[in-house]
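A short write-up of the structure that comes next.
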Amino acid sequence: MTIDDKLEQLLATSRARLSAELHDPQRESAAHAYARSLWGLEDDLRDLMNQIRIGAPL
């Protein structure tokens with residue numbers, strides 16, 4: 001998998017996460033849903049950067 005493919009996958013996951021957060025009937029607000037989605041994307045990007053640093057397969 002190329003870095004481009006991995007980034008596309010991360011963005012698709014982020015969009016799905018945001019959609020799930022926005023449709024969660026227990027969410028506090030849309031702002032909280034966006035924040036949780038961004039935190040998840042940040043974690044995913046950090047994991048990708050660590051994989052790249054150590055030379056792990058994507």
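We count residues from 1, following the sequence as given. Because the structure is a prediction, the values reported are computed rather than measured.
Sorted by first and then second residue, the salt bridge (Lys or Arg N to Asp or Glu O under 4.0 Å) pairs with a member in residues 1-16 form an empty list; sequence neighbours excluded. Applying the salt bridge (Lys or Arg N to Asp or Glu O under 4.0 Å) definition to pairs two or more places apart or across chains, those involving residues 30-41 are Glu21-Arg36.
For Asp43, the side chain to side chain contact (heavy atoms under 4.5 Å, CB included) criterion is met by Arg46, not counting sequence neighbours. Considering only residues two or more places apart in sequence or on other chains, Leu7 meets the side chain to side chain contact (heavy atoms under 4.5 Å, CB included) condition with Ile3, Leu10, Leu45, Leu48. Residues meeting the side chain to side chain contact (heavy atoms under 4.5 Å, CB included) test with Asp47, sequence neighbours left out: none.
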Using atom types as modelled, flag every donor-acceptor pair under 3.5 Å from a side chain in residues 23-33 to any protein atom, sequence neighbours excluded.
| from | atom 1 | to | atom 2 | distance (Å) |
| --- | --- | --- | --- | --- |
| His23 | ND1 | Ser19 | O | 2.7 |
| Asp24 | OD1 | Gln26 | N | 2.9 |
| Arg27 | NE | Leu22 | O | 2.8 |
| Arg27 | NH2 | Leu22 | O | 3.4 |
| Glu28 | OE1 | His32 | NE2 | 3.3 |
| Ser29 | OG | Ala31 | N | 3.4 |
| Ser29 | OG | His32 | N | 3.2 |
| Ser29 | OG | His32 | ND1 | 2.8 |

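Nearest approach of Ser14 to Ser37, heavy atoms of both residues: O-OG, 3.5 Å. Summarising the geometry of Arg17 relative to Leu41, their closest heavy-atom pair is NH1-N, 3.2 Å, with the distance given to 0.1 Å.
Taking OG1 of Thr13 as the start and CG of Leu18 as the end, the distance is 12.5 Å to the nearest 0.5 Å.
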